[in-house]
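First the structure, in the form of structure tokens, and then the observations on it.
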Amino acid sequence: MHRKYSNELCPEMDGQEVRVAGWVEDVRKLGSIAFIILRDREGRLQVTAIKKEMGKERFTELITLPRESVVEIKGKLQKSAEARMGFEILPTEFKVLSKAEVPLPLGVVDKVNAELDTRLDNRFIDLRKDEVRAIFKVKSLVCAGIRNYLLGNGFVEVHTPKIVFAGAEGGATLFEVEYFGRKAFLAQSPQLYKQTLMATGLDRIFEIAPAFRAEPSDTVRHLSEFISLDVELAYINTSEDVMQVLENLVAATIEYVVKNGEKELKLLNCEVRVPKVPFRKIPHRECLEILKSMGWHGGVDIDTEGEKLLGEYIMQNYGEEFLFITEFPTELKRGTFYAMRKDENPELTGYFDLDYRGQELTSGGQREHRYEKLKTQMLENNLKLEAFEPYLKAFRYGMPPHGGFGLGVDRFVQKMLNLTNIREAVLFPRDRLRVTP
RNA sequence: GCCCUGGUAGUGUAGUGGUCUAUCAUCUAGGCCUGUCGAGCCUGGGACUCGGGUUCGAAUCCCGACCAGGGCGCCA
């Protein structure tokens, strides 16, 4: 007899023998009868144990199982007006597959909430809650939506190394690893590799992979390990071409999630809106003017508060959630040595950020593909060219114009689902203080 | 790294110098109950982060460490 999930059973199967298995979520004892709520991947069902039918010993063994024990039950499905699902299972046989210790470090259905830290320490139990698992089903849909769009538009999925010879932007935020007696690093971004691939004929590539940052950031939107979607495309004319791919990708991905994740979004109480393309694009300098008119006291860079205000601004004035901040001044992108500056105005780049509900989700733009200019910009940053030789070499033997972006997948999920902390969107988050579980 | 706030049963909390053999809920153990579904009722159980200090007396005040929550910088 095949094991059935709870959603494969129905009142119309009245009288059939069935086999089910799952976690004992709750036992409601009423003396000679007890109701066991059994939870599996798909939902819950009620097992009704009756003492005089089972015999005192087996009855007691079943109904005294600690909560969250795993049990397999064979029994007769019976239509029932009293049971929530319209049916219940009268056990004839059962097998305890795994008894749970008491007390639980974290309740699954307790009537008190647990703090995030407690939940993360006991993530495997935390994930037994439907609404917590739903976050990761949505995340899976986000990745599927991304792949679906990109593969359908001529992009090739690639994998670049995560143990690397140099960082993308200097050495301050790199995790060092000992590599057979030599010094290597965990990749903070696939930047150098995805650019290198533009010199190969793959032309349009993407990667969904972890990135590592040793920044001592301590916020609800930073992690030391996060999932980065990186996209790079060759033979572009300007950063506009990159933005177009990005906005279409984001809109298509959200549409995919809305279409396929209806149940999860409802469970999470989230209304996700599919954005219209093209997204609004406002140059950096105009953003500063808007912010000043809103009473913002910032400098030349848009800070966290500025981002939030801009998010409110486009929501109030246009009812939109996405905003491209374009034409970042060179001054702010100097560290991004590979950013192309405008030939007609070297003080500006074509670089952009994409903000989602007032938070940065992506940055990208056209890269500098001309060897001499790239070298000059690297020297400006005091980078040792020898250390970047494997990267630079790719620019000397035919490198087409190209550009791309990196998008924080965890952050995308966080903003989409309105999660207050990015850690909620990561199964086992890594931050400055947390390396376990 | 900086600023603010906090750390009390398994979980979540009340308690700001003696009235604390520390509150409440949840949980847990046992009991009653054949229709529960946030089951109900009865009886038990379980905690002051660690190390110094002040004081006749510290969960409470001070110092340090560790940890957590939020904010900033930076970023995805």
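Note on naming: letters A, B, ... go to the chains in the order of the sequence lines (proteins, then strands), and numbering restarts at 1 for each one.
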What is the separation between atom CG on A/L62 and atom P on B/rU36, rounded to the nearest whole Å? 20 Å

Sugar-phosphate only, base, or nothing, as touched by A/D303 at under 4.0 Å among non-hydrogen atoms: sugar-phosphate

Please classify the nucleic acid contact of A/K415 as base, sugar-phosphate, or nothing, using heavy-atom distances under 4.0 Å. nothing

Proximal nucleotide (of B/rA76, B/rC37, B/rC27) relative to the A/Q46 side chain: B/rC37

The residue, A/R432 or A/E305, whose nearest nucleotide of RNA chain B is more 5′ is A/R432

At under 4.0 Å between heavy atoms, what does A/N113 touch on the DNA or RNA strands: base, sugar-phosphate, or nothing? sugar-phosphate

Complement of B/rG35, any strand, by Watson-Crick or G-U distances under 3.5 angstrom: none

Looking for any heavy atom pair under 4.0 Å, which part of the strands does A/A211 touch: base, sugar-phosphate only, or nothing? nothing

Roughly how far apart, to the nearest Å, are B/rA39 and B/rC72 at atom P? 40 Å

May I ask you to check if A/R280 and A/Y318 form a cation-pi contact, with NZ or CZ under 6.0 angstrom from the six-membered ring centre and within 45° of the axis? yes

Ring-face cation contact, A/F226 with A/R213, 6.0 Å cut, 45° max: no

NZ/A/K76: more than 12 non-hydrogen atoms of other groups inside 6.0 Å: no

Applying a 4.0 Å non-hydrogen cut-off, can you work out what A/V409 is touching in the nucleic acid: base, sugar-phosphate, or nothing? nothing

Does B/rG38 have OP1 or OP2 under 4.0 Å away from a side-chain N or O of A/R84? yes

Rounded interatomic separation in angstrom, taking CG from A/L30 and P from B/rU36: 8 Å

Considering just the side-chain nitrogens and oxygens of A/S228, establish if one lies under 4.0 Å of OP1 or OP2 belonging to B/rA76. no

Distance below 4.0 Å between A/K29 side-chain N/O and B/rC37 OP1 or OP2: no

Return yes if the base of B/rG10 and the side-chain atoms of A/N122 contain a donor-acceptor N/O pair under 3.5 Å, otherwise no. no

Nearest-angstrom distance from the residue atom CG of A/D110 to C1' of B/rC24: 16 Å

Taking any heavy-atom pair under 4.0 Å as a contact, classify A/T362: base, sugar-phosphate, or nothing. sugar-phosphate

Once you apply a heavy-atom cut-off of 4.0 Å, does A/E307 come out as touching a base, just sugar-phosphate, or nothing? base

Could you check whether A/F226 and the base of B/rA76 form a stacked pair, meaning centres closer than 5.5 Å and planes differing by less than 30°? yes

If the cut-off is 4.0 Å, is A/N421 near the phosphate of B/rG70, judged by side-chain N/O to OP1 or OP2? yes

Considering only side-chain heavy atoms of A/P103, which listed nucleotide, B/rC72, B/rA39, B/rG10, is closest? B/rG10

If I take atom CG in residue A/D117 and atom P in nucleotide B/rG6, what distance separates them, rounded to the nearest angstrom? 18 Å

Pairing nucleotide - B/rG64, Watson-Crick or G-U, each distance under 3.5 Å: B/rC50

Atom pair distance, as rounded to whole Å: CG in A/D301 and C1' in B/rC74: 10 Å

Taking atom C1' in both B/rC62 and B/rG12, compute the distance separating them and give it to the nearest angstrom. 29 Å

Checking side-chain contact (heavy atoms from CB on, under 4.5 Å) between A/L229 and each of A/L249, A/T362, A/L246, A/V142, which is the one that passes? A/L249

Over all strands shown, is A/L361 touching base, sugar-phosphate only, or nothing at heavy-atom distances under 4.0 angstrom? sugar-phosphate

Would you mind pulling out the nucleotide paired to B/rU28, Watson-Crick or G-U wobble, both distances under 3.5 Å? B/rG44

So does A/N381 have more than 12 non-hydrogen atoms from other groups sitting under 6.0 Å from CG? yes

Roughly how far apart, to the nearest Å, are B/rA76 and B/rG7 at atom P? 37 Å

Side-chain donor/acceptor contact of A/E88 with base of B/rG35 under 3.5 Å: yes

Phosphate-side-chain proximity, A/R28 and B/rA39, N/O vs OP1/OP2 below 4.0 Å: yes

Would you classify A/T219 as touching base, sugar-phosphate or nothing, given that sugar-phosphate means primed atoms plus P, OP1 and OP2, and contacts are heavy atoms under 4.0 Å? base

Rounded C1' spacing from B/rG15 to B/rC75 in Å: 42 Å

For A/R67 and A/D110, run salt bridge (charged side-chain N to carboxylate O under 4.0 Å, His left out): C-alpha distance rounded to whole Å, both residues' side-chain angles, the deciding distance at 0.1 Å, then the answer. CA-CA 11 Å; A/R67 294 192 308 167; A/D110 285 10; 2.9 Å; yes

Using atom P of each nucleotide, how far apart are B/rG35 and B/rG40 to the nearest Å? 16 Å

Between B/rA22 and B/rU49, how far apart are the two P atoms, rounded to whole Å? 15 Å

In A/H284, A/K342, A/K281, the residue satisfying side-chain hydrogen bond (donor to acceptor under 3.5 Å, both in side chains) with A/E327 is A/K342

From the options A/K266, A/R44, A/K263, A/R41, select the one residue that forms a salt bridge (charged side-chain N to carboxylate O under 4.0 Å, His left out) with A/D130. A/R44

What is the distance from CZ of A/R434 to C1' of B/rC66, rounded to the nearest Å? 15 Å

Rounded distance in Å - CD (A/E215) to C1' (B/rC74): 6 Å

For A/T118 and B/rG12, is the shortest distance between a side-chain N/O and OP1 or OP2 below 4.0 Å? yes

If I pick the P atom on B/rA25 and the same atom on B/rG18, what distance separates them, to the nearest angstrom? 24 Å

Could one point to a donor on the side chain of A/E115 or the base of B/rU11 with an acceptor on the other under 3.5 Å away? no

Are A/K333 and A/F328 in a cation-pi setup, meaning NZ or CZ lies under 6.0 angstrom from the ring centre and within 45 degrees of the ring axis? yes

Does A/R221 make a side-chain N or O approach to OP1 or OP2 of B/rC74 shorter than 4.0 Å? no

What contact category does A/L433 fall into here, base, sugar-phosphate, or nothing, at under 4.0 angstrom with non-hydrogen atoms? sugar-phosphate

Closest-nucleotide ordering on RNA chain B, the 5'-leading residue of A/V102 and A/I302: A/V102

Rounding to an integer number of angstrom, what distance separates B/rC67 and B/rU8 when you compare their P atoms? 16 Å

Which base sits across from B/rG18 as a Watson-Crick or G-U pair, both distances under 3.5 Å? B/rC56

Value in whole Å for how far the C1' atom of B/rC75 lies from CG of A/D410: 13 Å

Any side-chain N or O of A/T304 below 4.0 angstrom from OP1/OP2 of B/rG73? yes

Name the pairing partner of B/rU13, where a pair is Watson-Crick or G-U wobble with both distances under 3.5 Å, or state none. none

Donor/acceptor link under 3.5 angstrom from A/R44 side chain onto base of B/rC37: no

Using the ring of A/Y5 (Phe, Tyr or Trp, six-membered ring only), decide whether A/R3 places NZ or CZ under 6.0 Å from its centre and within 45 degrees of its axis. yes

